[in-house]
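Chain letters run A, B, ... following the sequence lines, proteins first, then strands; residues in each count from 1.
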Number of protein chains: 2
Amino acid sequence: MPKTLDDIDHRLLALLQQDSGRTLAALGDLVGLSPSAVQRRIDRYRETGLLRREIAVVDPSSALLAVCLVTLDRESPESHRSFREWVQAAPEVQQFYNVSGDHDYVVILATSGMAHHRETAERVIKNAPNLRRYSTMFVLDPIRTTLTVPTR
Amino acid sequence: MPKTLDDIDHRLLALLQQDSGRTLAALGDLVGLSPSAVQRRIDRYRETGLLRREIAVVDPSSALLAVCLVTLDRESPESHRSFREWVQAAPEVQQFYNVSGDHDYVVILATSGMAHHRETAERVIKNAPNLRRYSTMFVLDPIRTTLTVPTR
DNA sequence: TCTGAAAGTTTTCATCC
DNA sequence: GGATGAAAACTTTCAGA
């Protein structure tokens, strides 16, 4: 249970989401806290599950990104379940959302090029049972790619 | 200039994109290299710009995510430029792609709830000059949210 | 209960082989 | 690519507010 976060917590979380490579001392300077106080707060974020992990970000311009919109044929739970499992098994699936509206899923594929993309789309999406509709938008320019979410 | 990456580089980069919290010793064990050799490789990734930074990942289920598809009215460079600037200025814009196909842009908004979303969509997107079409898919379940890209 | 400071431990960095 | 010593960071503990 995340206890109520104060203003310093929000600033700290925003900083960590932008760049977690800073030292505790540097973070402390930025928010006005001692390094140990900063560390205690970060520990709490991890314990409560608010902070999941740290990752290294690779330059996305070296990859081919594609946003795929998927609609399945029916609302049968089995077809959704098997579709999810199939998609989740693919390492090329960078993001995978169940969404509201005309489509059921948004799948963002990250591949090394068009040949790899075609192979992946074929294997991961087009082979899905009960696939009704499927469209692809290729990313021409990844203007911003973050995972930042607001904490308040 | 990324020199040609060998197999160990690819494995190292995959590990770092999954979780960069590991020590050099742990990484070395996983790929069969000494800690200092691992460090040299990581330094090279940073120098060449392949590795941009490290970030902390906050649990996305605490936020309201929305995938917005945007089409502008004309191909006038000015309207695209001003739209980009306007969108880029908003901290709620988690991802922002220029894409091929019927739509011009995909914008993923991360907000604290529906009230925040409506305010943000109004401010960031609906006020755009030359906005032709705009649709929103709310994320019901963020099944996978990574920034992983293939390195080969 | 939370903060800040200091001691002990681990990791990282630079140089050498 | 590996190994070593030096520097830096992190973790733990403890005293104070």
Side-chain angles (χ1 to χ4, degrees), chain A residues 1-60 62 112 146-152, chain B residues 1-60 62-63 112 145-152:
Chain A
M1 289 323 47
K3 319 175 81 160
T4 59
L5 300 171
D6 64 17
D7 191 62
I8 292 180
D9 287 317
H10 293 299
R11 284 160 59 200
L12 219 39
L13 285 163
L15 288 167
L16 291 169
Q17 289 190 85
Q18 288 165 17
D19 179 4
S20 64
R22 285 183 267 248
T23 65
L24 298 174
L27 289 168
D29 285 344
L30 288 168
V31 302
L33 240 51
S34 73
S36 52
V38 172
Q39 186 178 39
R40 248 193 310 275
R41 286 177 188 246
I42 294 176
D43 286 343
R44 196 163 55 226
Y45 308 149
R46 284 199 247 261
E47 284 165 14
T48 60
L50 181 60
L51 228 59
R52 296 221 168 272
R53 64 197 198 289
E54 296 190 358
I55 61 171
V57 180
V58 170
D59 179 12
S62 65
S112 60
T146 75
L147 293 179
T148 304
V149 299
T151 54
R152 79 175 88 204
Chain B
M1 332 290 64
K3 321 175 79 158
T4 59
L5 301 171
D6 64 17
D7 190 62
I8 292 181
D9 286 318
H10 293 300
R11 285 160 58 200
L12 219 38
L13 285 163
L15 287 168
L16 290 168
Q17 289 190 85
Q18 288 164 17
D19 180 4
S20 64
R22 285 181 266 246
T23 64
L24 297 176
L27 290 168
D29 286 344
L30 288 168
V31 302
L33 240 51
S34 72
S36 47
V38 172
Q39 184 177 34
R40 242 195 316 271
R41 288 178 187 244
I42 294 178
D43 286 344
R44 195 163 57 224
Y45 309 149
R46 286 199 245 260
E47 283 164 14
T48 59
L50 181 60
L51 229 57
R52 296 221 170 271
R53 64 195 198 290
E54 296 189 359
I55 61 172
V57 180
V58 170
D59 178 13
S62 65
S112 59
T145 57
T146 76
L147 293 179
T148 304
V149 299
T151 54
R152 79 176 87 204

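- When distances run from any side-chain atom of A/Ala37 to the nucleotides D/dC10, C/dG4, D/dG2, the shortest one goes to C/dG4.
- Distances shorter than 4.0 Å separate none of the side-chain N or O atoms of A/Arg41 from OP1 or OP2 on C/dC2.
- Here C/dT3 presents its P atom at 15 Å from CG of A/Leu27, a figure rounded to the nearest Å.
- Summary of the strand contacts: A/Pro35 and B/Leu33 both lie near DNA chain D, and taking for each the nucleotide with the nearest heavy atom, the more 5' one is attributed to B/Leu33.
- Closest to the side chain of B/Arg40, from the set D/dT13, D/dC10, D/dG2, is D/dG2.
- A straight line from CD of B/Glu54 to C1' of D/dA9 spans 14 Å, rounded to a whole angstrom.
- A salt bridge links B/Asp7 to B/Arg152: at least one charged side-chain nitrogen sits closer than 4.0 Å to a carboxylate oxygen.
- One distance of note links CG of A/Asp59 with OG1 of B/Thr151; it measures 12.5 Å at 0.5 Å rounding.
- Among C/dA14, C/dT12, D/dG1, the nucleotide with an atom closest to any side-chain atom of B/Ser36 is C/dA14.
- Rounded to whole angstrom, the span from the CD1 atom of A/Ile42 across to the P atom of C/dT3 amounts to 13 Å.
- In this structure, B/Asp43 places its CG atom 10 Å from C1' of C/dA14, rounding to the nearest Å.
- Look at B/Gln39 and you won't find any side-chain N or O under 4.0 angstrom from OP1 or OP2 of C/dT12.
- Residue A/Leu24 contributes atom CG, which lies 18 Å from atom P of C/dT10 at whole-angstrom precision.
- With hydrogens and angles ignored, the 3.5 Å screen pairs no side-chain donor or acceptor of B/Arg52 with any backbone N or O of B/Arg46.
- D/dG1 atom C1' lies 12 Å from atom CG of B/Asp6, rounded to whole Å.
- The distance from atom CG of A/Asp9 to atom C1' of C/dC2 is 12 Å, rounded to the nearest whole Å.
- Using modelled atom types, one side-chain atom of A/Asp9 and one backbone atom of A/Asp6 make a donor-acceptor pair closer than 3.5 Å.
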